[in-house]
Amino acid sequence: MTYTNGASPQRVAILIENQFEDSEFKIPYTALQKAGAAVTVLGSRMNDEYRGKRGNVSIRPDATATEMRAEDFDAILIPGGAAPDQIRMNPNAVKLVTEAIAQDKLIAAVCHGPQVLIEADQLRDKRATGFRAIRKDMENAGAEYINEPVVEDGNLITARQPSDLPMFTTALLQRLGLTIQGVTLPDVQDQSFAWWQLGEAWGGSSRTDILNALNMAIVGERYTMTEFREYGDRVTDPELSLILQEICNTKQQHLDRLEARLRSFDEQVTWQAFGGETLAKLQSWLQSKDDIAILRRALGDMQTGVVDAYHLYIQITDPATAHLLAQIETNLAQYEQLLADLYRVRAGREVQPPTPTTVAVA
């Protein structure tokens with residue numbers, strides 16, 4: 001069903017609780033207001049002030065789910081973050097969503113937002129997406145999980161994460177028949193469109209934010225590539241040496257792609273070469289270390305790289321940059337597992353579990 005503009009503005013409810021993902025509220029909220037929609041923020045308590053998990057957004061609700069009815073709205077939006085896990089505990093919010101679906105209203109949920117739909121038992125036999133951490137929960141609830149930026153099934157629109165927000169919000173506006181003066185909304189499937197510009201215009205990642213993320217990733221990959229080359233020069237294990245060389249080659253590919261993305265913004269790499277002191281400390285450490293010690297340190301470096309890439313891409317509202325960073329995370333995670341497997345084989349009986357921490361209970 002497609003909604004069209006009428007004499008009165010489209011009415012959209014946004015469900016929130018504390019610790020919502022800031023951008024997942026701010027971007028659609030801003031775009032809907034620019035398009036002239038009547039937006040009502042619904043919380044569980046009238047006088048509470050709700051704060052986003054990043055600390056960038058705080059807002060008081062216009063009303064509560066208890067006092068509103070599904071027929072009061074044309075669409076309901078459920079941002080993600082930690083808020084949906086609280087919203088699903090509010091029977092009035094769950095009832096509102098259930099009745100809205102029964103009345104053929106448009107439902108839009110992003111990231112962890114589908115948790116509310118799980119609680120309402122409204123995902124069965126639906127094609128949908130959401131944050132990767134709740135994929136199994138969605139499948140257990142009967143959904144066909146689709147790992148794509150935006151998935152539409154009837155009156156249900158879902159998205160995975162902040163990088164999907166420009167496309168997700170565009171899909172929501174188009175389904176409501178809304179337009180923004182001076183803004184051309186492209187086809188949601190248009191991969192060549194500069195989606196980051198819509199994200200920035202609606203309060204998401206700025207151009208500077210995106211450039212900073214790219215430069216941080218470049219610094220991390222270049223520094224660790226230098227480390228892994230030093231490791232490779234010291235080890236005597238042929239298999240480990242080969243793996244370390246493969247990792248360096250992969251990191252060079254990462255750098256090539258990151259720098260190409262940076263140049264697409266007409267920018268040059270701004271990372272600064274690490275000084276000789278850092279390299280000297282590494283070389284000094286390596287002098288007295290054997291293959292097992294180097295292997296374990298390489299594993300730790302890889303684990304750090306996986307986490308760093310994840311934290312970069314999960315906040316950026318530029319689909320192209322986030323996709324690149326997510327691929328880097330995936331590649332590094334594969335090498336993390338490879339190094340861990342080799343470590344267990346090489347260390348053998350030397351691998352010991354850590355000593356349990358004793359916690360004193362008063």
Side-chain angles (χ1 to χ4, degrees), residues 21-24 27 53-54 79-81 109-114 128-139 145-151 158-169 171 188-200 204-207 209-225 246-247 249-265 301-339:
E21 183 66 50
D22 302 57
S23 61
E24 292 169 3
I27 286 181
K53 62 184 293 186
R54 310 287 174 189
V110 59
C111 195
H112 285 76
T129 195
F131 191 59
R132 68 187 196 185
I134 65 169
R135 175 186 63 82
K136 183 61 68 176
D137 298 329
M138 294 177 66
E139 291 174 341
Y145 184 90
I146 309 295
N147 186 25
E148 294 180 0
V150 179
V151 177
T158 50
R160 304 167 302 178
Q161 57 203 28
S163 63
D164 302 333
L165 288 170
M167 290 173 281
F168 171 76
T169 302
V188 173
Q189 303 302 322
D190 186 354
Q191 298 297 317
S192 64
F193 184 75
W195 288 102
W196 70 269
Q197 294 179 344
L198 284 183
E200 181 181 48
S205 301
S206 67
R207 184 176 184 274
D209 293 333
I210 298 167
L211 297 179
N212 286 343
L214 287 167
N215 275 301
M216 288 179 65
I218 288 170
V219 168
E221 287 299 276
R222 190 170 294 279
Y223 173 63
T224 52
M225 186 171 68
E246 289 179 1
I247 291 173
N249 292 340
T250 299
K251 284 181 173 291
Q252 184 59 61
Q253 294 172 6
H254 292 168
L255 286 167
D256 292 342
R257 296 187 63 192
L258 288 165
E259 291 173 8
R261 180 60 183 161
L262 200 61
R263 288 192 294 272
S264 73
F265 287 89
D301 291 339
M302 196 60 66
Q303 291 167 338
T304 298
V306 171
V307 173
D308 288 348
Y310 169 81
H311 284 301
L312 283 176
Y313 95 75
I314 202 60
Q315 298 185 51
I316 293 295
T317 59
D318 169 27
T321 298
H323 179 67
L324 173 54
L325 294 170
Q327 286 186 321
I328 290 174
E329 182 210 17
T330 298
N331 292 342
L332 296 182
Q334 291 173 344
Y335 281 115
E336 175 192 357
Q337 188 60 58
L338 190 60
L339 289 171

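Residues take their numbers from the sequence shown, with the count starting at 1. Note that this is a predicted model, so its numbers are computed, not measured.
- Looking at Asp22, its side chain does come within 3.5 Å of a backbone N or O of Arg54 through a donor-acceptor pair.
- Put simply, the side chain of Asn249 never gets that close to the backbone of Glu246: no donor and acceptor are under 3.5 Å apart.
- Here the CG-CG distance, from Leu198 to Asp318, works out to 11.0 Å after rounding to the nearest 0.5 Å.
- Using a 4.5 Å heavy-atom cutoff, the side chains of Thr317 and Trp196 are not in contact.
- Atom CG of Leu211 sits about 6.0 Å away from atom CZ of Phe265, to the nearest 0.5 Å.
- A donor-acceptor contact shorter than 3.5 Å is absent between the side chain of Glu21 and the backbone of Pro162.
- Asp256 and Gln252 share a side-chain donor-acceptor pair at under 3.5 Å.
- The two residues Arg261 and Thr321 have their closest heavy-atom pair at NE-OG1, 3.1 Å.
- When every heavy atom of Gly199 is checked against every heavy atom of Ile27, the shortest pair comes out as O-CD1, 4.0 Å.
- With respect to Arg222 and Glu259, a salt bridge is recorded, a charged nitrogen being found less than 4.0 Å from a carboxylate O.
- Counting heavy atoms from C-beta outward, Arg135 and Glu139 have side chains that approach closer than 4.5 Å.
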Next item on the list: Please lay out, stage by stage, how Leu258 and Ile328 fare under the test side-chain contact (heavy atoms from CB on, under 4.5 Å).
Entry: CA-CA 10 Å; Leu258 288 165; Ile328 290 174; 3.8 Å; yes
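- Side-chain N or O atoms of Tyr145 include none that pairs as donor or acceptor with a backbone N or O of Ile134 at under 3.5 Å.
- Between Glu148 and Arg160 there is no salt bridge, since none of the side-chain N atoms of the basic residue sits less than 4.0 Å from a carboxylate O of the acidic one.
- By the 4.5 Å heavy-atom criterion applied to side chains, Glu329 and Leu325 are not counted as neighbours.
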Pairs under 3.5 angstrom only: tabulate donor-acceptor contacts from the side chains of residues 304-314 to other protein residues two or more places apart or in another chain.
from, atom 1, to, atom 2, distance (Å)
Thr304, OG1, Gly300, O, 3.1
Tyr313, OH, Arg132, NH1, 3.1

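- Annotation: side chain of Leu165 is in contact with side chain of Val110 (closest heavy-atom distance under 4.5 Å).
- Ile316 approaches Ala213 most closely through the heavy-atom pair CD1-CB, 3.8 Å.
- Shown here for Cys111 and Gly80, the closest heavy-atom pair between the two residues is CB-CA, 3.9 Å.
- Counting heavy atoms from C-beta outward, Met302 and Ile247 have side chains that approach closer than 4.5 Å.
- Annotation for Met225: atom CE counts as buried by contact number, over 12 foreign heavy atoms lying within 6.0 Å.
- Between Ser205 and Gln315 the shortest heavy-atom distance is OG-O, 3.7 Å.
- In this structure a side-chain-to-backbone donor-acceptor pair under 3.5 Å is present from Thr224 to Glu221.
- Lys251 has its side chain within reach of Leu332: a pair of non-hydrogen atoms, C-beta onward, lies under 4.5 Å apart.
- No donor-acceptor pair closer than 3.5 Å links the side chain of Trp195 to the backbone N or O of Ser163.
- Annotation for His112 and Gly81: closest pair CB-O, 3.4 Å, computed over non-hydrogen atoms.
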